[in-house]
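Notes follow once the structure below has been shown.
FYI, side chains are in, hydrogens and waters are out, and symmetry mates aren't considered; it's all heavy atoms of this structure. Lettering of chains follows the sequences in order, A, B, ..., and the numbering in each one begins at 1.
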2 protein chains.
Amino acid sequence: MAKTDVLTLAILGILREQPLHGYQIRKRLGAELGPFRALSYGSLYPGLRRMVDAGLIEASGEEPTGASPASSRRARIAYSLTDAGRTRLSEELANAGASSWDDDAFDVRFSLFSHTDAATRLRILEGRRSRLSERLEEVSDGLKRMHERHDAYTAELQRHGLEQVEREVAWLDQLIENERSARGGENNGSAPADH
Amino acid sequence: MAKTDVLTLAILGILREQPLHGYQIRKRLGAELGPFRALSYGSLYPGLRRMVDAGLIEASGEEPTGASPASSRRARIAYSLTDAGRTRLSEELANAGASSWDDDAFDVRFSLFSHTDAATRLRILEGRRSRLSERLEEVSDGLKRMHERHDAYTAELQRHGLEQVEREVAWLDQLIENERSARGGENNGSAPADH
DNA sequence: AACAGTTATATCGCTCCGATACATCGGGAA
DNA sequence: TTCCCGATGTATCGGAGCGATATAACTGTT
């Protein structure tokens, strides 16, 4: 099973319902994942080309139309999933390995949770949680060990970082609890935090 | 004034006091900035080379010692700032432009705040704050505009993102307040959040 | 004496990003 | 009406970054 990078997964996910232009893919992704994680054209177009070459998507668009009527219609290329692409997406949605809860992958995976089965969702949330716990220890160890190097700003930066990770963990705990208490009901997904 | 990338600035900052080996630079940076922002060797060594070529640092280390005693001593290269490097660091510490509060640059700049004068500190904190405010609006606009596309997980991801940025802003507000109330006292720096 | 872990330098292939260029289209101001 | 602006749209280039990997000496533990 060829490994799928985050960009590929995100695009497979976004093309799941309708074919879209490169430009639209970028906008949607930016809207769903937030203004951070904003994908640049320098990654998008080469990425699309790679996916076409791999047979995951196909360009079903108006070609440049070399010799054409009055104003030569410009290329507007809509990309859609191939069968292989759809298969790959399913495989990837069933995958609950480390690649699903890594820093850069987790939010993409999370944004696709309504198409992921309950058990996998739980595994991913727990994986992410334990990953962050490791970090928590690293940082607080580091904080302790540097007790006597007193640079107030550096210390504050660290304290703040620690706090952020702690809150992230709390968020995950909430989500995990929600998932757990939803078991026994439906096994399809659509009810995260009540807040 | 040649532009200085974040990596260069971070290294200039860390070499400010003592010469260090590449390996040590990496460890220190990881400790001061947290386990995220962990610099890879694939960036570090080429980066050091660039800085040597630019004359900002120099390699004052035991050379490979081609023909030597028994067990050929391995190269252990300590890098130290040149005068040009020291000058560049000062220039950069006085710079309070957008490049100081960008996503990837802000924490490096912040970690050097005790070597930054009070006015510049304030300008950077305010710049960072306004950058985050823009994002805040983008995200909450996006949240409003997507009211009827109801994917609970996507919405939750967004809500959480919004919350994070809000907290980041609150943190900055606290720091700004501290800086402001410290004016009139000493103008050198070492007293951030009382918390 | 063997093994594991840390210190240490270095490169390869690939991906990613920012900047930039170009072209079309719709709408509102002049 | 014309003109220009902003959004839509595709595309590439150079450089910087990363993950994986190779090599090797030193240090401490069993």
Side-chain contact check for A:I77: nearest option of D:dT10, C:dC17, C:dT6 is D:dT10
Residues at least two apart in sequence or cross-chain that pass salt bridge (Lys or Arg N to Asp or Glu O under 4.0 Å) with A:R26, listed by chain then number, are none
Whole-Å distance, A:L20 CG to D:dT10 P, equals 10 Å
When rounded to whole Å, the NE2 to P distance for the pair A:H21 and C:dC25 reads 13 Å
One should read off an interatomic distance between A:E177 CD and A:L125 CG, to the nearest 0.5 angstrom, of 12.5 Å
Separation between CZ (B:R123) and CH2 (B:W101), nearest 0.5 Å, reads 7.0 Å
Rounded to whole Å, CG of A:D5 lies from C1' of D:dG19 at a distance of 13 Å
Whole-Å distance, A:Y23 OH to C:dC25 C1', equals 12 Å
Interatomic distance, OG@A:S111 vs CG@A:L33, rounded to 0.5 Å, equals 5.0 Å
When rounded to whole Å, the CG to C1' distance for the pair A:L39 and C:dC17 reads 10 Å
* To do: Would you please confirm or rule out a distance under 4.0 Å between OP1 or OP2 of D:dG9 and any side-chain N or O of A:Q24?
  => yes
When rounded to whole Å, the CG to P distance for the pair A:D104 and C:dT15 reads 14 Å
For this session: Give me the ring orientation class for A:F110 and B:Y153: parallel if the planes are under 30° apart, tilted from 30 to 60°, perpendicular past 60°.
Result: perpendicular
For residues 42-52 of chain A, the side-chain hydrogen bond (donor to acceptor under 3.5 Å, both in side chains) pairs (sequence neighbours left out) are A:S40-A:S43
Separation of D:dG9 atom C1' from A:I25 atom CD1, nearest Å, is 12 Å
Between CE of B:M51 and C1' of D:dA16 the distance, given in whole Å, is 15 Å
Residues in residues 41-50 of chain A with a heavy atom under 4.0 Å of DNA chain D, by number, are A:Y41, A:G42, A:Y45
